[in-house]
Protein chains: 2
Amino acid sequence: MKRRTKKERQQHLLQTIEENPFITDEQLATQFNVSVQTIRLDRMELSIPELRERIKDVAAKNLENEVKSLPLDEVIGEIVDIELDTRAISIFDVREEHVFQRNGIARGHHLFAQANSLAVAVINDELALTVRANVLFAKPVKAGDRVITKATVSGQNIEKNRTYIEVTSTVNNSVVFKGEFEMYRTKGKGESDETSY
Amino acid sequence: MKRRTKKERQQHLLQTIEENPFITDEQLATQFNVSVQTIRLDRMELSIPELRERIKDVAAKNLENEVKSLPLDEVIGEIVDIELDTRAISIFDVREEHVFQRNGIARGHHLFAQANSLAVAVINDELALTVRANVLFAKPVKAGDRVITKATVSGQNIEKNRTYIEVTSTVNNSVVFKGEFEMYRTKGKGESDETSY
DNA sequence: TATGTATTAGCACTTGGTACTAACACCAGT
DNA sequence: ACTGGTGTTAGTACCAAGTGCTAATACATA
């Protein structure tokens, strides 16, 4: 059926292309029962690029994402200062994708992930694993907040290959998260590799 | 400079296109100092599709990824069974992107995320936040492992709006992770909303 | 010298467009 | 009844980045 007005059709057009950027003008023309030229005029008015450009945009976004998601898998948050086996600081900007849609509060595991990543990073060893963690989520964190996390090595047990780390996260100097991490490592602080595995 | 052999050039071609799928035959021809036709023949022999197809492929992959990465932000692991305010079970397949490159062991925060997600999900409330967690990483988890996580509500403190949850994760019936979660919620188990916030 | 492989050139054709011109339909205002 | 504006359609020339095909040329090797 013919859409009543031009506006209605254009509204629909925007939505259709948003959902499926791979659609050609000809397919759109058939779908809306208008000529290909009308679709072209519509696209121009709405400044929607042609099929190939649309696809290229989607593809380009993909390459961006690859760059973005990789470090996200490696270390959560950006390490800004580190003194191996002593302390480390990282920054994590909370964005929309990290919070509950319902109330805008950051999901706990993102804060945990930042702390855990930092605890792993501060240990000067090839193999560092989290054995145990006691964490406290002191205050809700919202999208837009910049979380600054400090990890400090607080102790060691060389016989058990353990390192203890205290982690504190703050937003605007107010503590939002605290954690104690017990980490396993193959080698003691500053040791070379004669230590038994 | 001209590449010595056809094979060398084709090897290089594969690599170049892999790195930058947005390159045209003409650009490739200039780069390798051969004619456009030669590049076309090479692509045919190597069954490399034309520029537009390559871009389309990248874009299509992107749309797939969007669908994949969204639920990952919402809940880590797939919930297979749930009885609200009582217990819940989820499954999480550990893949390459979840493990340390160096030793193939899953990063702790992914296991924590699965447990935390499940603890939030089991609570029958609009607002559920993690207040505190004590977790133990009992055994390393590797890529390919299927982690089965069970969350059980173990207690409540109605005055303090707290719910306590025990979480256990196993791989092949062997415990790999245990956690106690203290959760904040606005309403008590089964209550309606007259409770104070 | 003949043969095979690699390379290059040229032409017709394809898709999915842009850019532009022209025609027509219809509705409102004067 | 004529004019004007908006919306729609048709048609043409052109473009990028190809495919598919034929033909010519170079070069080495048997």
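Letters go in sequence order (proteins before strands), and every chain restarts at 1.
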If I take atom CG in residue B/Leu41 and atom P in nucleotide C/dG4, what distance separates them, rounded to the nearest angstrom? 19 Å
Give every residue pair that meets the salt bridge (charged side-chain N to carboxylate O under 4.0 Å, His left out) criterion with at least one member in residues 141-160 of chain B, sequence neighbours excluded. B/Asp93-B/Arg146
Sequence neighbours excluded, which residues qualify as ring pair (Phe, Tyr, Trp, His ring centres under 6.0 Å) partners of B/Phe112? A/Phe112, B/Phe181
I want to check one thing: is the phosphate of D/dT8, taken as OP1 and OP2, less than 4.0 Å away from some side-chain N or O of A/Ser35? no
May I have the distance from A/Lys7 (atom NZ) to D/dT6 (atom P), rounded to whole angstrom? 13 Å
For the pair made of NZ in B/Lys6 and P in D/dA28, what is the distance, rounded to whole Å? 17 Å
Can you tell me if A/Arg9 touches the phosphate of D/dG7, counting only side-chain N or O atoms and a distance under 4.0 Å to OP1 or OP2? no
Do any pairs count as a ring pair (Phe, Tyr, Trp, His ring centres under 6.0 Å) and have a residue in residues 144-172 of chain B, sequence neighbours left out, and if so which ones? none
Tell me the interatomic distance from B/Phe32, atom CZ, to C/dA6, atom P, rounded to whole angstroms. 17 Å
Double-helix bend of the helix from C/dT1-D/dA30 to C/dT30-D/dA1, axes at both ends from 5 pairs, round to 10°, gives 20°
For nucleotides 15-27 of chain D, give me one character per nucleotide, 5' to 3': B if any protein heavy atom sits under 4.0 Å from the base, S if the only such contacts are to the sugar-phosphate, - if neither. -BBBB--------
A/Ile39 CD1 to C/dA19 P, straight-line distance once rounded to whole Å: 17 Å
Does atom CG of A/Asn172 have more than 12 heavy-atom neighbours from other groups under 6.0 Å away? no
Taking atom P of C/dG17 as reference, at what distance in whole Å does atom CD of A/Gln27 sit? 9 Å
Tell me the salt bridge (charged side-chain N to carboxylate O under 4.0 Å, His left out) pairs involving residues 167-176 of chain B, sequence neighbours left out? none
Restricting to pairs with a member in residues 163-182 of chain B, which pass salt bridge (charged side-chain N to carboxylate O under 4.0 Å, His left out), not counting sequence neighbours? B/Arg132-B/Glu182, B/Arg162-B/Glu182
Restricting to side-chain hydrogen bond (donor to acceptor under 3.5 Å, both in side chains), what partner residues turn up for A/Thr168, sequence neighbours left out? none
Please determine whether side-chain hydrogen bond (donor to acceptor under 3.5 Å, both in side chains) holds for the pair A/Gln114 and A/Thr149, giving the CA-CA distance in whole Å, both sets of side-chain angles, and the decisive distance to 0.1 Å. CA-CA 8 Å; A/Gln114 184 189 12; A/Thr149 297; 3.1 Å; yes
Give every residue pair that meets the salt bridge (charged side-chain N to carboxylate O under 4.0 Å, His left out) criterion with at least one member in residues 26-48 of chain A, sequence neighbours excluded. A/Lys6-A/Glu45, A/Arg9-A/Asp42, A/Asp25-A/Arg40, A/Asp25-A/Arg43
Please give, in whole Å, the distance from C/dT7 P to B/Leu13 CG? 12 Å
